[in-house]
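Basis for what follows: all heavy atoms, side chains included, without hydrogens, waters or symmetry-related copies. Numbers here simply count residues along the sequence, with the first being 1. One-based numbering, in listed order, for ligands and for the atoms of each.
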Amino acid sequence: MEEKKHKSGFVSIIGNPNVGKSTLMNALVGKELSIITDKVQTTRHRILGIINGDDFQMVLSDTPGVIKPAYEMQNSMMNFVKEALVDADILVYLVSPEELELKDEVLFEKIKKTKGPLLILINKIDLITQEELEKSVAHWQNIFPQASVYPISALRGFFISELLNILIGILPNSPAYFPKDQLTDKPERFFVNEAIREMILKRYSKEIPYSVEVITEEFIENNKIIKIRSIIMVERETQKGIIIGHKGSALKRVGIGARKSLEKFFGKKIHLELYVKVSKNWRSSSEQLKRFGYNN
Ligand code: GDP
Ligand code: MG
């Protein structure tokens, strides 16, 4: 009897900010690996989500939204996107119904020339009429004749299991790239940092969320509890004051929210200590960016 071939490959999800890339990745993986907010630039890194089956392994990349870089960190964010494009066996280009093009023309042209399978997914179709949808499908099929265009809703779970089967169907024959019990390439501390950053994105307005980076200095796990100590880095003294709030009340709420989401993520009780430190201009200093993992 012929042995059944194993399939494995990299699937990159790219698109403009806020179209639902992280929501889609979480829906496909079935776990909240990527933080989601209604703010742009929520995702700063390339995050792998791995889906394992007996005869396949799909490695999904969630990427930062495509933007025109204005400072050093954003340059690095766009490098994560380009990397994901080069590594992809399958390219998933996610769009929202009203949009017509990618924010970076060079990248847009690259996608047009991509040789491998290309899926264009029109997301958030729960928000539009049938007529608008048909217009959007025609628009994208016209620009990318070689692509398969599918309407989906990542949030409502529409066409997600179908999509998963389509993707598995076109994975190349290959042995697995990662151990079959692995869910992501990122260490535990990364998810701690992200959970804290998600709370900050949700709780503070204006430039505060964009001036923040989180480092987890301690992550100690025993059978009952995980003890975590993390530092919230800001760029200015005034931002530190805002983050902490009156008698520490604002920071306390961030801690409570992050602890709850981490308890869900790790399935364990969490003890979380949070500190705030000022680190001037971390977004523009290469040295500092390396420390925060933007080192490419
Ligand atoms: P990303 O920046 O591309 O990663 O986008 P996110 O996944 O962070 O989602 C951006 C916003 O769009 C969030 O508020 C999501 O809840 C919302 N969103 C994502 N998918 C859908 C969808 O299918 N329908 C609707 N109505 N909203 C969605
Ligand atoms: Mg995202």
Visitor: Kindly confirm whether the Mg ion (ligand 2) is within less than 2.8 Å of some N/O/S atom in T43?
Guide: yes
Visitor: Any salt bridge between E213 and R44, counting N to O under 4.0 Å?
Guide: yes
Visitor: With the threshold set at under 4.0 angstrom, would you say A154 reaches ligand 1 through any of its heavy atoms?
Guide: yes
Visitor: Of the protein's non-hydrogen atoms, which lies at the shortest distance from atom 10 (C) of ligand 1, and what is that distance?
Guide: N18 OD1, 3.0 Å
Visitor: Under 4.5 Å between any side-chain heavy atoms of V137 and V149, yes or no?
Guide: yes
Visitor: Give yes if a backbone or side-chain nitrogen or oxygen of D126 is under 3.5 Å from a nitrogen or oxygen of ligand 1, and no if not.
Guide: yes
Visitor: Would you check if there is a donor-acceptor pair between the side chains of S34 and T43 at a distance under 3.5 Å?
Guide: no
Visitor: Could you check which of T63, L201, L155 puts a non-hydrogen atom nearest to atom 16 (O) of ligand 1?
Guide: L155
Visitor: Hey, is NZ on K115 packed in by over 12 heavy atoms from elsewhere, all under 6.0 Å?
Guide: no
Visitor: List every atom of ligand 1 that sits less than 4.0 Å from any heavy atom of S153, numbering the atoms from 1 in the order shown and giving each element.
Guide: 22 (C), 23 (O), 24 (N)
Visitor: Output the list of atoms in ligand 1 that are nearer than 4.0 Å to some heavy atom of L127, sorted by atom number.
Guide: 26 (N)
Visitor: So does L118 get a backbone contact from the side chain of Q146, meaning a donor-acceptor N/O pair under 3.5 Å?
Guide: no
Visitor: Got an N, O or S from S22 under 2.8 Å of the Mg ion (ligand 2)?
Guide: yes
Visitor: Flag yes if more than 12 heavy atoms outside E131 fall under 6.0 Å of its CD atom; otherwise flag no.
Guide: no
Visitor: Among all protein heavy atoms, pick the one closest to atom 12 (O) of ligand 1 and tell me residue, atom and distance.
Guide: K124 NZ, 3.0 Å
Visitor: Decide yes or no for I160 and L28: does some side-chain heavy atom of the first lie under 4.5 Å from some side-chain heavy atom of the second?
Guide: yes
Visitor: Does any N or O of ligand 1 fall below 3.5 Å from an N or O anywhere on G20, backbone included?
Guide: yes
Visitor: Is the ring centre of F190 less than 6.0 Å from the ring centre of F219?
Guide: no
Visitor: Who's the nearest protein heavy-atom neighbour of atom 20 (N) of ligand 1, and how far?
Guide: N123 ND2, 3.2 Å
Visitor: Please list the nearest protein heavy atom to atom 9 (O) of ligand 1 with its residue and the distance rounded to 0.1 Å.
Guide: T23 OG1, 3.6 Å
Visitor: Among I160, T42, T37, which residue places a heavy atom closest to atom 8 (O) of ligand 1?
Guide: T37
Visitor: Could you tell me how the ring of H45 sits relative to the ring of F80: parallel (under 30°), tilted (30 to 60°) or perpendicular (over 60°)?
Guide: tilted
Visitor: Run the salt-bridge test on D104 and K82 with the 4.0 Å N-O cut-off and return the result as yes or no.
Guide: no
Visitor: Report yes if some N/O of I125 lies less than 3.5 Å from some N/O of ligand 1; otherwise report no.
Guide: no
Visitor: Report, in ascending order of atom number, the atoms of ligand 1 lying under 4.0 Å from any heavy atom of K21.
Guide: 1 (P), 2 (O), 3 (O), 4 (O), 5 (O), 7 (O)
Visitor: Got an N/O contact under 3.5 Å between D62 and ligand 1?
Guide: no
